[in-house]
Chemist: 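For reference, the structure I am asking about is given below.
Since the structure is predicted, the reported quantities are computational estimates derived from the model, not experimental observations.
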Amino acid sequence: MKSKNLKDIEIKELNPNGYFVLQDGELLELLKIRAIDLNSLSTEENEYIVLKWAKIHKLNAPDIKVVCMNFPCDTTRQQIFLERKMQNTKNEIHRETLSTYLEELRWLQQNDTTRNFYLMTFASSDEEMDNAVRRWKENLGIGKNGLLSEVDVTEKIEVYHNLLNKGILFQ
């Protein structure tokens, strides 16, 4: 498999299995790497995570790229919740406290970003990609206790868009 630069990754379409089809016919899949605070883990837990990553690389894993991206911090749901709580409370002190939290959330949304890490993996066929993704999920784990999580189509498109448009400014 030839080396891929980000400038070489031109997506033609999204196939029915949810994989991106590149111009050269290869497939691309994104998995989100769950961020973990390694400083709060014990030495044994840190070693366990490193060994999990080392094991997957020894299993003849397909070509990968790890991509780090910053996205605007979205606190819309929390803001809606606090606004509803403020409308329903009769306690003025409680309302002032909620108002303070609401202003903090608005500031975060305007001034902070969320850093996400993605694993891009490449394959030649759907079957090869299915096997690769299954291997990643089995060895690194998926979900709350795993090191990976699924990426929905909307987020995949947003990640790809941001990869190609590095100079974009978030509104």
Chemist: Does Phe117, at its CZ atom, have more than 12 non-hydrogen atoms belonging to other residues, nucleotides or ligands within less than 6.0 Å?
Modeler: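 Atom CZ in Phe117 is crowded, with more than 12 foreign heavy atoms closer than 6.0 Å.
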Chemist: Taking atom NZ of Lys52 as the centre, does the number of heavy atoms from other residues, nucleotides or ligands within less than 6.0 Å exceed 12?
Modeler: yes
Chemist: Find out whether Cys73 and Thr114 are in side-chain contact, i.e. whether some heavy atom of one side chain is under 4.5 Å from a heavy atom of the other.
Modeler: yes
Chemist: Could you tell me the separation between the CD atom of Gln79 and the CG atom of Leu108, rounded to the nearest 0.5 Å?
Modeler: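 These two atoms lie 9.0 Å from each other.
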Chemist: Please indicate whether Gln23 has more than 12 foreign heavy atoms, meaning atoms of other residues, nucleotides or ligands, lying under 6.0 Å from its CD.
Modeler: yes
Chemist: Take Ser124 and Glu26 through the side chain to side chain donor-acceptor pair (under 3.5 Å) test and state the conclusion after the steps.
Modeler: CA-CA 5 Å; Ser124 301; Glu26 288 193 51; 4.9 Å; no
Chemist: I'd like to know whether Leu27 forms a side-chain contact (heavy atoms from CB on, under 4.5 Å) with Asp126, so could you lay out the CA-CA distance, the side-chain angles of the two residues, the decisive distance to 0.1 Å, and finally the verdict.
Modeler: CA-CA 8 Å; Leu27 301 175; Asp126 279 350; 3.1 Å; yes
Chemist: Got more than 12 heavy atoms from elsewhere within 6.0 Å of CG, Leu51?
Modeler: yes
Chemist: Look up atom CG in Leu28 and atom CE in Met120, then write down how far apart they are to the nearest 0.5 Å.
Modeler: 4.5 Å
Chemist: Any side-chain to backbone donor/acceptor pair from Tyr160 onto Ile11? Under 3.5 Å, distance only.
Modeler: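 Such a contact is found between Tyr160 side chain and Ile11 backbone.
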Chemist: Decide whether Leu147 and Val50 are clustered together by the hydrophobic rule: side chain heavy atoms of Ile, Leu, Val, Met, Phe, Trp, Tyr closer than 4.5 Å, transitively.
Modeler: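 Looking at the clustering, Val50 is in a separate group from Leu147.
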Chemist: In Å, rounded to the nearest 0.5 Å, how long is the span from CH2 of Trp136 to CG of Leu140?
Modeler: 6.0 Å
Chemist: Indicate yes or no: at least one non-hydrogen side-chain atom of Leu119 is less than 4.5 angstrom from one of Leu30.
Modeler: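 They are not in side-chain contact.
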Chemist: Return yes if a side-chain donor-acceptor contact under 3.5 Å exists between Tyr19 and Glu13, otherwise no.
Modeler: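 No, no side-chain donor-acceptor pair sits under 3.5 Å.
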Chemist: At what distance, to the nearest 0.5 angstrom, does CD1 of Ile49 lie from CG of Leu41?
Modeler: 5.0 Å
Chemist: The test is side-chain contact (heavy atoms from CB on, under 4.5 Å); show your working for Leu82 and Gln78 and say whether it passes.
Modeler: CA-CA 6 Å; Leu82 287 179; Gln78 292 93 333; 5.5 Å; no
Chemist: Does Arg106 pair with Glu83 as a salt bridge, N-O distance under 4.0 Å?
Modeler: yes
Chemist: Under the side-chain contact (heavy atoms from CB on, under 4.5 Å) criterion, do Met86 and His94 qualify, and how do the steps go?
Modeler: CA-CA 8 Å; Met86 285 175 59; His94 189 59; over 6 Å; no
Chemist: Do Ser149 and Lys32 come close enough that some side-chain heavy atom pair is under 4.5 Å?
Modeler: yes
Chemist: Can you tell me which residue among Glu96, Glu104, Glu103 is in a side-chain contact (heavy atoms from CB on, under 4.5 Å) with Thr100?
Modeler: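 Passing option: Glu104.
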Chemist: Just so I know, are the side chains of Val153 and Ile157 near enough to count as touching, which here means a heavy-atom distance under 4.5 Å?
Modeler: yes
Chemist: CD1/Ile80 to CG/Leu102 distance, rounded to the nearest 0.5 angstrom?
Modeler: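 Nearest 0.5 Å value for the CD1-CG distance: 10.5 Å.
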Chemist: Return the CG to NZ distance between Leu98 and Lys85, rounded to the nearest 0.5 Å.
Modeler: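 Here the interatomic distance stands at 8.5 Å.
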Chemist: Under the criterion salt bridge (Lys or Arg N to Asp or Glu O under 4.0 Å), which of Lys156, Lys65, Arg134 is the partner of Glu29?
Modeler: Lys156
Chemist: For the residue pair Arg95 and Asn91, establish whether any side-chain heavy-atom pair is separated by less than 4.5 Å.
Modeler: no
Chemist: Which atoms form the tightest heavy-atom contact between Glu155 and Asn116, and what is the distance?
Modeler: OE2-ND2, 4.3 Å
Chemist: For residues Arg84 and Asn88, determine if any side-chain heavy atom of one lies less than 4.5 Å from a side-chain heavy atom of the other.
Modeler: yes
Chemist: Between Ser40 and Asp37, what is the shortest heavy-atom contact and its length?
Modeler: OG-O, 2.9 Å
Chemist: Report yes if the side chains of Trp53 and Ile56 come closer than 4.5 Å at any heavy-atom pair, otherwise no.
Modeler: yes
Chemist: Passes side chain to side chain donor-acceptor pair (under 3.5 Å), Thr76 versus Asp74? Steps please.
Modeler: CA-CA 6 Å; Thr76 308; Asp74 184 17; 2.6 Å; yes
Chemist: Between Glu138 and Arg135, is there a salt bridge with N-O shorter than 4.0 Å?
Modeler: no
Chemist: Does the side chain of Asn17 come within less than 4.5 Å of Met129's, by heavy atoms?
Modeler: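 Result no, sub-4.5 Å side-chain heavy-atom pair not found.
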Chemist: Please walk me through it: do Tyr118 and Leu31 pass side-chain contact (heavy atoms from CB on, under 4.5 Å)?
Modeler: CA-CA 6 Å; Tyr118 297 93; Leu31 293 170; over 6 Å; no
